[in-house]
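Reading through the structure tokens given below for one structure.
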2 protein chains.
Amino acid sequence: MKLTIKDIARLAGVSTTTVSKIINNKHDSISKDTTEKVIKIMKDNNYVPSTIARSLVTKKTKTIGLIIPDIVNPFFPELARGAEDKANKEGYNLIICNTDEDIQKEDRYVAMLVEKMVDGIIFTASSQRVDDFKLLKNANIPIVLVDRDVKGSHISSKITVDNFMGAYEGTKHLIEQGYKKIIFITGSLKNKTSLDRLNGYKKALDEHNIKFSYENVIEGSYKSEWGYNAVNFILKQNKNFDALFCGNDLIAIGAIKALKENDIKIPQDVGVLGFDDIYISRIIDPQLTTIKQPIYEMGYKSVQTLIDILEKKSKKVKDIVLVPKLVIRSSTVKG
Amino acid sequence: MKLTIKDIARLAGVSTTTVSKIINNKHDSISKDTTEKVIKIMKDNNYVPSTIARSLVTKKTKTIGLIIPDIVNPFFPELARGAEDKANKEGYNLIICNTDEDIQKEDRYVAMLVEKMVDGIIFTASSQRVDDFKLLKNANIPIVLVDRDVKGSHISSKITVDNFMGAYEGTKHLIEQGYKKIIFITGSLKNKTSLDRLNGYKKALDEHNIKFSYENVIEGSYKSEWGYNAVNFILKQNKNFDALFCGNDLIAIGAIKALKENDIKIPQDVGVLGFDDIYISRIIDPQLTTIKQPIYEMGYKSVQTLIDILEKKSKKVKDIVLVPKLVIRSSTVKG
DNA sequence: GTGAAAGCGCTAACAA
DNA sequence: TTGTTAGCGCTTTCAC
């Protein structure tokens, strides 16, 4: 049977307080002898303290909720891994939740996490969300936004990337490579991330005296299927273009597939630029030029920030904006 | 402040017992009036019961631990998603743990999960593991093995794939396509999975009177880097071969990269076969013929099985062996 | 139909 | 340096 702190106390001939103190490394006031004896007894009996019971009194569970759209989307495993690594290093566990960008699911998960009394939540919000998480405010659970920036009054911190800058640098690179008619294939424009990228793209065109037109912005979703369909759509429209700036790598991958099927040479006929730098992008043919996001780091930092809030009791720490970096590979470099 | 069951009871003018029964849907013996009144009060006050306190008495946390090598390896997000979907459907949460196949990390995570009193564990064991999880036996926490089959006395169930059959079918396909000198590039042969695949490969050769030789088995790890290096190694050795059976898709992807770099045409000069059917395999060029594992289903079924054990109190259910399926794409079909 | 009271395993004042 | 004791918020017998 499972032993409790009482059993250990009895076995060692001490009080539960003493055992408790030893478990929690508050040896300050316990003699070496007692400490060693108790530790030995715990070991010998494979004693495992119940964090449940502990949590009930301390109000801390050492558990963090991670809410993301979909772990199968290659962007998120890296984020999750960064988060989990830091969590684990600090003695926290991670509960993972897939929402498919469905607000109802998000709400359900938040409720579950509140019931479970997680210490905090890392959240990649769906684009439509504008809620302010009153459940969390009520339960006083801090929430750190990662990747997606949304409004909300109870948000403790945000970890994002400078999407404007990334898109600007990427588009500038395309122009410098000699591409002039650049179509922007984006996911939904209903969120700040996409809008920032759109503006970065605009600014680069502007600076090089290329006229921006909404006809060259094609909005869909951040999936490879969309990239594939978008290209076929463009081709059917007989649009004049020599480069594609894709809202993310998945879109770029779908786009490349469609281009290849139509015997369009990359990068000679058409240059392709992505965003994210997921693992596949290095592997596909041609290798994808893309704007690398520090995805792992975002996950890592988000947990770090959350724990800072949790343990230093600082209600609000400053937001973090990470810098993306252009990674030039073969999909945009002719000859 | 956060309300407790006592507050609700006081507000409603009833006892905590009554409230508790209503929370847990044991209306049988509570009048409709009281029930409705209490429910309204809970709603109005945003009352959220504490599962921590509940767990302390019920000994159930409605939480499952998922121990995998690495969520970044594209095989595992799908598995995790299948597991999480089923868990969520049944009201459970999933704690995710990345071990990097490191036994010490595995042990640490198991200890953490025991402390957290998870109801059960889904485990993809590292190849070296032979332990019998005495910690879990002690705590009476069921464990379901998924994907990797290892020995151990406290294992409640296993969800695996018929690796022998898959490798057999795949190799047979290669032979039927006219390939005769098939090299098997595998990950570590220290686990049953790899061994089963090796034996399936052997059997297919055997049936077609092709002599098996260990010289055609190259052992490394299940990573794309290994596929890449293995091909370069083979080439340097001037080995005579016309097809590669790769232990998994990642290896195949690395191998394809190396072949391309050496101007070897796929599938004309060399056919390439993978194992797994991860998402990328459809996307790379050429599209990879592979033995598809029902990865999502494995995750889903593993949680299903675990919950069956948990809720039906059946100590041990029968193991599940899923059937892999050959998916023929362009990497093995000439002309 | 409803409530009183004990107790889950632990921590943390406060005493000794 | 160590122990006593009162909870944490809930469920569950058992009594009314």
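Within every chain, numbering begins at 1; the chains are lettered A, B, ... in the order of the sequence lines, protein sequences first and strands thereafter.
- Axis orientation changes by 30° from one end of the helix from C:dG1-D:dC16 to C:dA16-D:dT1 to the other, with each end axis drawn from 5 pairs and the value rounded to 10°.
- Between D:dG3 and A:T18, a contact under 4.0 Å exists linking OP1 or OP2 to a side-chain N or O.
- When every heavy atom of B:M42 is checked against every heavy atom of B:V19, the shortest pair comes out as SD-CG1, 4.4 Å.
- Salt-bridge formation is not detected for the pair A:E115/B:K62: no Lys NZ or Arg NE/NH1/NH2 atom is positioned less than 4.0 Å from an Asp or Glu carboxylate oxygen.
- Counting non-hydrogen atoms of other residues, nucleotides and ligands closer than 6.0 Å to NZ of A:K105 gives a total above 12.
- At a threshold of 4.0 Å, the pair A:R108-A:D102 does not count as salt-bridged, since none of the basic side-chain nitrogens sits closer than that to a carboxylate oxygen.
- Counted by atom type alone, B:S15 and B:T18 present one or more donor-acceptor pairs between their side chains at under 3.5 Å.
- Pairs passing the salt bridge (Lys or Arg N to Asp or Glu O under 4.0 Å) check and including a residue from residues 7-19 of chain A, sequence neighbours excluded, read A:D7-A:R10.
- Among residues two or more places apart in sequence or in another chain, the side chain to side chain donor-acceptor pair (under 3.5 Å) test is passed with B:T61 by B:D119.
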Readout for nucleotides 9-16 of chain C: B = base within 4.0 Å of protein heavy atom, S = sugar-phosphate only, - = neither; 5' to 3' it is BBSBB---
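- Near-neighbour residues of DNA chain C inside residues 35-44 of chain A, defined by a heavy atom below 4.0 Å, are absent.
- Look at NZ on A:K32: it is 14 Å from P on D:dT2, rounded to the nearest Å.
- Salt bridge B:K86/B:E90: present, at least one basic N to carboxylate O contact under 4.0 Å.
- Within 4.0 Å (heavy atoms only), A:T34 reaches sugar-phosphate atoms of the nucleic acid but no base atom.
- The separation between B:D7 atom CG and D:dC10 atom P is 9 Å, rounded to whole Å.
- Rounded to an integer number of Å, the gap from CD1 of A:I8 to P of D:dT2 is 17 Å.
- Remark: B:K37 NZ is packed, more than 12 non-hydrogen atoms of other residues, nucleotides or ligands lying under 6.0 Å away.
- Under a 3.5 Å cut-off, the side chain of B:R148 and the backbone N or O of B:T124 do not form any donor-acceptor pair.
- Scored by the side chain to side chain donor-acceptor pair (under 3.5 Å) test, A:K89 finds A:Y300 as partners (sequence neighbours excluded).
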